[in-house]
Asks: 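Structure below; questions to follow.
All values below come from the heavy atoms of this structure, side chains included, with hydrogens, waters and symmetry mates left out. Residue numbers start from 1 in every chain, and the chains themselves are labelled A, B, ... in the order their sequence lines are given, proteins ahead of strands. The structure presented is a predicted model; accordingly, all values stated were derived computationally and were not measured.
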2 protein chains.
Amino acid sequence: MKLSSRFRYGLRLLVDLAVNYEKGPVLLRNIADCERISKKYLEQIVITLRTAGLIGATRGSKGGYFLTKDPRKIKITDIYKILEGPFAPVDCLDNPKICVLIRTCATRKLWAKLAECIEETFGGQTLVDLLKK
Amino acid sequence: MKLSSRFRYGLRLLVDLAVNYEKGPVLLRNIADCERISKKYLEQIVITLRTAGLIGATRGSKGGYFLTKDPRKIKITDIYKILEGPFAPVDCLDNPKICVLIRTCATRKLWAKLAECIEETFGGQTLVDLLKK
DNA sequence: TAATTTCCCTATTTATTATATATATTACCC
DNA sequence: GGGTAATATATATAATAAATAGGGAAATTA
């Protein structure tokens, strides 16, 4: 089980924005260089985050991206849901219909437990909690 | 974060073998039909499990696959390592060299915590623990 | 010997991930 | 207003991984 780089990159981007919170918008180019990520890939990720309302943008010179709310109020679990999807490690947990074998499935409970544990690991942590290190 | 179907299928296959433990070898064809999995894909998975020493096989008519040891002694974590790989949700946890940003990485600790939690979820559970349901 | 089944090698399809290209739109500043 | 710098958007391409498929060799049973 690996985290998607979509989520990893997105999270790091948000950390960068958190550092610069209230210091004005941050250039995507800078983040891409700093984090060694393709700027074009970041653009895609940024769209998702903007649609979700986590970040805003201003265009033109002196433009860039910024958090729309206090990083103390942005939970890691929210970011996870947006970029990584549901916590369930298998699709059939949330959509029992897609599996014919639900009744006899010996592993279902284990997957549910796994989903819980992942969510709990993030606990109530927010973006600022990541900065404290 | 999703589990690979490689691991899910492999685990279900092992559960089937556990049910038939000491009742003689099980046909791959039967498992494939039962579990609605491509037999050819199962063949690949089975090779890995056999190489790892978890299962054995006999060819020819009346042949098939079987567990090489008591299902009470086969831990889920072992199967995970064989089919899914390390518990770390990112590669840089086990191989710090592959990432240039280790020193400044704000998320590293979180990933370590996640790896632990995944391992602990499986706890000491074995194949038979899955059957009890 | 014939039937059955694993074993093994290779090819193909499909899906996901990541990067690249090109153009349009917006905002700032002189 | 015009130039420049940045995001916005759509699409194409490349790279990688996941899953399926084919065919035949080797072993086992009867």
Side-chain angles (χ1 to χ4, degrees), chain A residues 1-13 16-17 20 24-68 83-85 89-91 98-99, chain B residues 1-13 16-17 20 24-68 82-86 89-91 98-99:
Chain A
M1 267 205 305
K2 298 289 175 223
L3 289 163
S4 67
S5 40
R6 190 180 157 76
F7 172 60
R8 287 186 291 116
Y9 293 172
L11 185 57
R12 270 154 60 184
L13 177 139
D16 282 2
L17 296 193
N20 290 80
V26 179
L27 283 192
L28 206 55
R29 211 183 112 74
N30 287 349
I31 297 178
D33 288 352
C34 261
E35 305 280 355
R36 318 289 164 94
I37 307 167
S38 131
K39 189 183 156 222
K40 282 295 176 183
Y41 192 32
L42 275 182
E43 265 176 30
Q44 289 178 22
I45 296 172
V46 143
I47 289 173
T48 313
L49 292 172
R50 211 170 56 84
T51 308
L54 245 53
I55 67 177
T58 54
R59 305 206 229 187
S61 75
K62 306 252 169 168
Y65 295 92
F66 50 86
L67 296 182
T68 52
L83 293 176
E84 191 77 36
V90 293
D91 289 334
I98 65 174
C99 178
Chain B
M1 267 204 309
K2 298 290 175 223
L3 289 162
S4 68
S5 40
R6 190 179 156 77
F7 173 60
R8 287 187 290 117
Y9 293 171
L11 186 56
R12 270 152 62 182
L13 176 140
D16 282 2
L17 296 193
N20 289 80
V26 180
L27 282 190
L28 206 56
R29 209 183 112 74
N30 288 350
I31 297 178
D33 288 352
C34 261
E35 306 278 356
R36 319 289 164 93
I37 305 167
S38 132
K39 190 185 156 223
K40 282 293 177 181
Y41 192 33
L42 274 183
E43 261 178 33
Q44 289 179 18
I45 296 171
V46 144
I47 289 174
T48 313
L49 293 172
R50 210 170 56 83
T51 308
L54 245 52
I55 66 177
T58 54
R59 307 204 229 189
S61 74
K62 307 247 170 170
Y65 295 92
F66 50 86
L67 295 182
T68 51
I82 293 167
L83 294 176
E84 190 77 37
V90 292
D91 289 334
I98 65 174
C99 178

Asks: With sequence neighbours excluded, give me every ring pair (Phe, Tyr, Trp, His ring centres under 6.0 Å) pair touching residues 34-60 of chain B.
Replies: B:Y9-B:Y41
Asks: What is the minimum heavy-atom distance between B:M1 and B:P89, and which atoms define it?
Replies: SD-CB, 3.9 Å
Asks: So which atom in A:R8 and which in A:L3 form the shortest heavy-atom distance, rounded to 0.1 Å?
Replies: NE-O, 3.8 Å
Asks: Considering residues at least two apart in sequence or located in another chain, which fulfil the side chain to side chain contact (heavy atoms under 4.5 Å, CB included) criterion with B:D33?
Replies: B:R29
Asks: Using every non-hydrogen atom in the two residues, find where A:L83 and A:G10 come nearest and quote the distance to one decimal.
Replies: CD1-CA, 3.7 Å
Asks: Determine whether A:I37 and A:I31 make a side-chain contact, defined as any pair of heavy atoms from C-beta on separated by less than 4.5 Å.
Replies: no
Asks: Expressed in angstrom and rounded to an integer, what is the separation of B:N30 atom CG from C:dT4 atom P?
Replies: 14 Å
Asks: In the 5'-to-3' direction, what one-character label does each nucleotide of nucleotides 9-19 of chain C receive under the scheme B = base within less than 4.0 Å of a protein heavy atom, S = sugar-phosphate only, - = no such atom?
Replies: --------SSB
Asks: Please test B:I82 against B:T51 for side-chain contact (heavy atoms from CB on, under 4.5 Å), starting from the C-alpha separation and ending with a verdict.
Replies: CA-CA 10 Å; B:I82 293 167; B:T51 308; over 6 Å; no
Asks: Using a cut-off of strictly less than 4.0 Å between a heavy atom of the residue and any atom of DNA chain D, enumerate the qualifying residues of residues 46-57 of chain B by number.
Replies: none
Asks: Only one of A:L67, A:L54, A:T68 clears side-chain contact (heavy atoms from CB on, under 4.5 Å) with A:L17; which?
Replies: A:L67
Asks: Of all nucleotides in DNA chain D that come within under 4.0 Å of a heavy atom of chain A, which is furthest toward the 5' end and which toward the 3' end?
Replies: D:dA5 to D:dT9
Asks: Checking A:F7 now: which residues fulfil ring-ring contact (aromatic ring centres under 6.0 Å, His included) with it, not counting sequence neighbours?
Replies: A:Y80, B:W111
Asks: Round to a whole Å and report the spacing from CD1 of B:I45 to C1' of C:dC8.
Replies: 16 Å
Asks: For side-chain contact (heavy atoms from CB on, under 4.5 Å), just list the numbers for A:D16 and A:V26, CA-CA rounded to whole Å, side-chain angles, deciding distance to a tenth of an Å, and then say yes or no.
Replies: CA-CA 8 Å; A:D16 282 2; A:V26 179; 5.6 Å; no
